[in-house]
Amino acid sequence: MSTSSPLPQLIGHRGARGLAPENTLLALDVGIAAGCPWLEFDVQLHPSGQLFLLHDLTLDRTTNGQGLASECGWPALRALDAGQGQQLPTLDEALDLIEDRAQINIELKTWDGTAAAVAECLRTRLAEGAAPTQYLVSSFHLPELYEFKQRLPEVPVAVLLCGVPLDWAACATELQAVALNQSAEFVDARLVADAKARGLAVNVYTVNDVDEYRRLAAMGVDAVFTDVPDRLRRL
Ligand code: G3P
Ligand code: MG
């Protein structure tokens, strides 16, 4: 299949999880080295008040720990191996590592204070001179995303979907989002058209297959989240 459509931008998924342990500083560095203009990672709020990178609510799959991350003390959590000797990074460590080398999609994985804590962290970065558009904050938890937008309106947000809402992309307009971050399982052309008509970018996760990448390009998708930016970049 060939297409003359522009190829969607690459967003390194959980850093670049096909190339290094996900959501670690190593994965972020490797994602940048692989040429990703954007990096995505997942952020949780620990009961200690610390923001840290982790996808699952439990530690079992990606670390040598067990059980809920929220039930693991902060020093013990920081002592875990997240793969190849990597620690679970804090949000500040991730932002310090990336600096302005890539744009950053922060996905809020937890709620009950996560939006407020991330807004405070980014407010500090903006005061230090970072551009609001370096960041894109997203979540499946739309009330948490709404709270973030209320607290720090200058930072763009994206609605995360894993399905097709009855009123199509209307929730993104309601949240004053700039993008719809949609699962590859539910890229309905009518949803894409509605998002575009509302002025939204459409970003699709997770795309590791070259043919799928080309198909999405032909549909007018703006960016894809990928575990393997090196593979898609070869196009
Ligand atoms: O943000 C895009 C994608 O990361 C959402 O799904 O489960 O990989 O966090 P998940
Ligand atoms: Mg994610």
Side-chain angles (χ1 to χ4, degrees), residues 8-28 30-31 34 36-45 51-63 68-70 82-83 86 88-91 94-95 98 102-111 114-115 118 122 134-142 144-146 148-149 155-165 169 171-172 175 177-187 191-192 195 200-209 212-213 216 221-229 232:
Q9 278 202 307
L10 299 182
I11 307 173
H13 185 228
R14 307 183 201 169
R17 71 184 288 262
L19 307 175
E22 68 182 50
N23 285 321
T24 63
L25 294 183
L26 181 62
L28 299 174
V30 166
C36 294
W38 279 89
L39 296 172
E40 182 262 5
F41 52 75
D42 307 295
V43 166
Q44 302 189 24
L45 178 66
L51 290 163
F52 68 105
L53 276 58
L54 183 68
H55 179 271
D56 303 358
L57 297 182
T58 51
L59 297 162
D60 304 61
R61 182 178 62 83
T62 57
T63 77
L68 289 167
S70 59
Q86 293 286 302
L88 295 178
T90 64
L91 175 57
L95 299 182
I98 299 168
Q103 290 181 272
I104 302 166
N105 178 193
I106 299 172
E107 182 185 340
L108 311 178
K109 270 293 180 218
T110 50
W111 48 93
T114 311
V118 172
L122 295 188
Q134 192 191 350
Y135 306 111
L136 179 67
V137 172
S138 62
S139 190
F140 289 108
H141 194 304
L142 300 189
E144 196 69 15
L145 191 61
Y146 179 80
F148 177 85
K149 192 66 184 165
V155 169
V157 300
V159 164
L160 260 167
L161 293 179
C162 186
V164 182
C171 57
L175 275 149
V178 298
L180 199 63
N181 291 0
Q182 173 65 299
S183 164
E185 293 168 276
F186 293 100
V187 187
L191 180 68
V192 175
L200 300 162
V202 176
N203 308 321
V204 175
Y205 66 90
T206 304
V207 179
N208 294 330
D209 178 78
E212 185 178 23
Y213 184 46
L216 292 168
V221 163
D222 297 275
V224 298
F225 298 81
T226 182
D227 300 331
V228 284
L232 299 192

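Counting convention: from 1, in listed order, for ligands and their atoms alike.
The contact shell of ligand 1, taken as protein residues with any non-hydrogen atom closer than 4.0 angstrom, comprises His13, Arg14, Glu40, Asp42, His55, Glu107, Lys109, Phe140, Leu160, Tyr205, Phe225.
Side chains of Cys162 and Glu185 form a contact here, defined as non-hydrogen atoms less than 4.5 Å apart. Residues Phe52 and Pro89 are not in side-chain contact: their nearest non-hydrogen atoms beyond the backbone lie 4.5 Å or more apart. Using a 4.5 Å cut-off on side-chain heavy atoms (C-beta onward), Phe225 and Arg14 make no contact.
Here the CD1-CG distance, from Ile98 to Leu28, works out to 4.5 Å after rounding to the nearest 0.5 Å.
With hydrogens and angles ignored, the 3.5 Å screen pairs a side-chain donor or acceptor of Thr226 with a backbone N or O of Val207.
A donor and an acceptor atom, one from each side chain of Asp42 and His55, are nowhere located under 3.5 Å apart. Residues Ser138 and Asn105 have side chains that bring a donor and an acceptor to within less than 3.5 angstrom of each other.
When OE1 of Glu107 and OE2 of Glu40 are joined through the Mg ion (ligand 2), the resulting angle is 90° to the nearest 10°.
Checked against the Mg ion (ligand 2), the N, O or S atom of Asp42 at the shortest distance is OD1.
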